[in-house]
Amino acid sequence: MIKDIRVRPIENSCGKKTVRIKLVTEKGDFSACAAAGTSEGSHEAKAIKIDSAIRYFPRYKPKFVGQSEKQIDHIIEEVGLDKLGVHISIALSIAAIRAVSNNDVYKFLNPKAKKLPLPLGNVVGGGSHKGYLTEQEFLVFPKKAKTMQEAIETNQKIWETVGKILKSKKMVDGNNFEGAWMCKLDDIKTLDLLKEVADQYGAGIGMDIAASEYFKNGIYYYKNPERRLSSDKQLDFVLGLIEAYNLEYVEDPFHEDDFQNFSRLTKKAKTLIVGDDLFVTQEERLKQGIKKGAGNGIIIKPDQAGTISRTLKTVKLADKAKYKTIVSHRSGETKDSFISDLAVGIGSPLIKCGIFGRERKSKHDRLKEIWKNIEYPKLNSI
Ligand code: PGA
Ligand code: ZN
């Protein structure tokens with residue numbers, strides 16, 4: 001039974017305000033923090049200003065207090081997600097599933113869980129995450145690792161090696177808020193470098209193109225080098241990259257409402273085509289995508305959906321339609337490691353949780369802990 005709920009503001013990795021919730025129950029206290037994006041999709045669950053969300057919460061708190069933790073998502077729906085705002089809603093929902101599962105969320109979601117996701121790590125960043133490149137994330141994932149420890153270390157070694165090379169060329173300007181290098185090379189040279197280093201470690205590479213961020217009036221505007229691509233040319237460009245660099249993971253290659261070109265690309269490319277801003281973890285958006293054959297993978301970000309129940313509904317539909325689920329952090333992260341439990345619990349082949357920085361390390365630490373807790377654990381594959 002919920003005895004009290006405490007909310008306080010904290011800062012996320014982008015230096016923006018978010019919330020930490022403490023759920024006081026008869027079994028003990030359970031906390032959770034809310035993540036938030038920078039390149040948010042326009043169809044995500046809506047946020048309200050943190051100060052206002054905290055100020056309004058006492059109005060709604062009496063509806064939760066005295067109820068069972070199991071009822072939290074239901075009460076959130078009754079109150080209205082838009083009234084609570086997504087930060088409070090998702091933090092409440094995560095704290096609730098922690099309370100229900102006694103902090104073993106992955107086991108609660110799947111008592112027989114054996115396979116852990118491969119960590120998909122952001123090595124070089126751009127787009128609205130700052131930096132010089134137009135595309136948002138240049139990613140790697142370990143394919144030869146045998147343990148979670150090895151998998152995480154492989155990504156770290158690639159990140160370090162790429163950083164060293166960029167520094168020696170004086171082509172880097174520090175790290176963005178996801179810990180990825182802000183590299184001054186153009187996108188093609190960045191891919192050349194990433195592929196070369198990833199090959200040395202037997203890792204696969206991919207990209208989050210986050211194309212909505214630079215699409216305007218039918219044109220994709222690239223800044224390094226400067227060029228303008230129509231949707232048809234964008235399709236050719238992405239297909240060319242997939243072939244030339246053997247991209248095994250491609251996220252948001254078109255703007256967030258372009259189901260049609262997602263579908264064209266999915267038919268032509270024999271690789272994982274993932275919708276993030278396209279689906280925003282919403283069941284209804286995924287339904288549309290399945291109908292149109294748009295993509296074959298979906299990013300799962302609980303804060304896009306607003307509650308864990310909503311998130312799990314989307315996951316269920318994805319599993320049924322054989323879309324791969326890729327659980328993901330946000331650029332604005334906290335040290336909360338919930339997504340690691342979620343990825344194991346739903347059997348995601350990949351978890352996008354970054355490489356460098358304390359907010360990313362907390363996810364790695366939890367993955368390593370879960371690895372130790374499972375008898376005969378295995379790494380998943382894509
Ligand atoms: P965001 O970026 O958290 O800023 O939305 C992550 C992503 O697009 O995958
Ligand atoms: Zn994305």
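In listed order, ligands and their atoms are each counted from 1.
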S340 (side chain) donor-acceptor with K363 (main chain) under 3.5 angstrom: yes
For D208, what is the atom name of its N, O or S atom nearest to the Zn ion (ligand 2)? OD2
NZ (K63) with more than 12 external heavy atoms under 6.0 Å: no
Determine whether the side chains of Y249 and D208 contain a donor N or O and an acceptor N or O closer than 3.5 Å. no
Backbone, side chain, both or neither: what part of D208 comes under 4.0 angstrom of ligand 1, heavy atoms only? side chain
Kindly confirm or rule out a cation-pi arrangement of R227 over F237, judged by NZ or CZ under 6.0 Å from the six-membered ring centre and within 45° of its axis? yes
Please state which protein non-hydrogen atom is closest to atom 5 (O) of ligand 1 and give its distance, to 0.1 Å? R330 NH2, 2.8 Å
How about D276: does one of its N, O or S atoms come closer than 2.8 Å to the Zn ion (ligand 2)? yes
Separation of E178 CD from I355 CD1 (nearest 0.5 Å): 10.5 Å
of all protein heavy atoms, closest to atom 8 (O) of ligand 1 is Q136 NE2, 2.8 Å
K301-ligand 1 polar pair, N/O distance under 3.5 Å: yes
With distance as the sole test, does D258 use its side chain to make a donor-acceptor pair with the main-chain N or O of N261 at under 3.5 Å? yes
Result for salt bridge (charged side-chain N to carboxylate O under 4.0 Å, His left out) between D336 and one of R330, R358, R20, R98 points to R98
Does S39 use its side chain to pair, donor to acceptor, with the backbone of S128 at less than 3.5 Å? no
Consider ligand 1: state whether an atom of it lies below 4.0 angstrom from any non-hydrogen atom of A210. no
Protein contact to atom 9 (O) of ligand 1 [nearest heavy atom, distance to 0.1 Å]: K352 NZ, 2.8 Å
In ligand 1, which numbered atoms sit nearer than 4.0 Å to a non-hydrogen atom of G37? 1 (P), 3 (O), 4 (O), 5 (O)
Going by the atom numbers of ligand 1, which of them fall below 4.0 Å from some non-hydrogen atom of E251? 9 (O)
Could you tell me which atoms of ligand 1, counted from 1 in the order shown, lie closer than 4.0 angstrom to a heavy atom of E137? 6 (C), 7 (C), 9 (O)
Ligand 1 contact on T38 by region, counting heavy-atom pairs under 4.0 Å: both
For D276, the ligand 1 atoms with a heavy-atom partner under 4.0 Å come out as 7 (C), 8 (O), 9 (O)
Among N, O or S atoms, E251 approaches the Zn ion (ligand 2) most closely through OE2
For residues 198-206, run the donor-acceptor check on the side chains, cut-off 3.5 Å, and write out each pair with its distance to 0.1 Å, sequence neighbours left out.
from	atom 1	to	atom 2	distance (Å)
D199	OD1	K195	NZ	3.1
Y201	OH	T161	OG1	3.4

How far is atom 3 (O) of ligand 1 from its nearest protein heavy atom, and which residue and atom name does that atom have? S331 N, 2.8 Å
Is the ring pair F215/H255 parallel, tilted or perpendicular, if the boundaries are 30 and 60 degrees? parallel
Atoms in ligand 1 flagged as close to H129, the criterion being non-hydrogen separation under 4.0 Å: 1 (P), 2 (O), 4 (O), 6 (C)
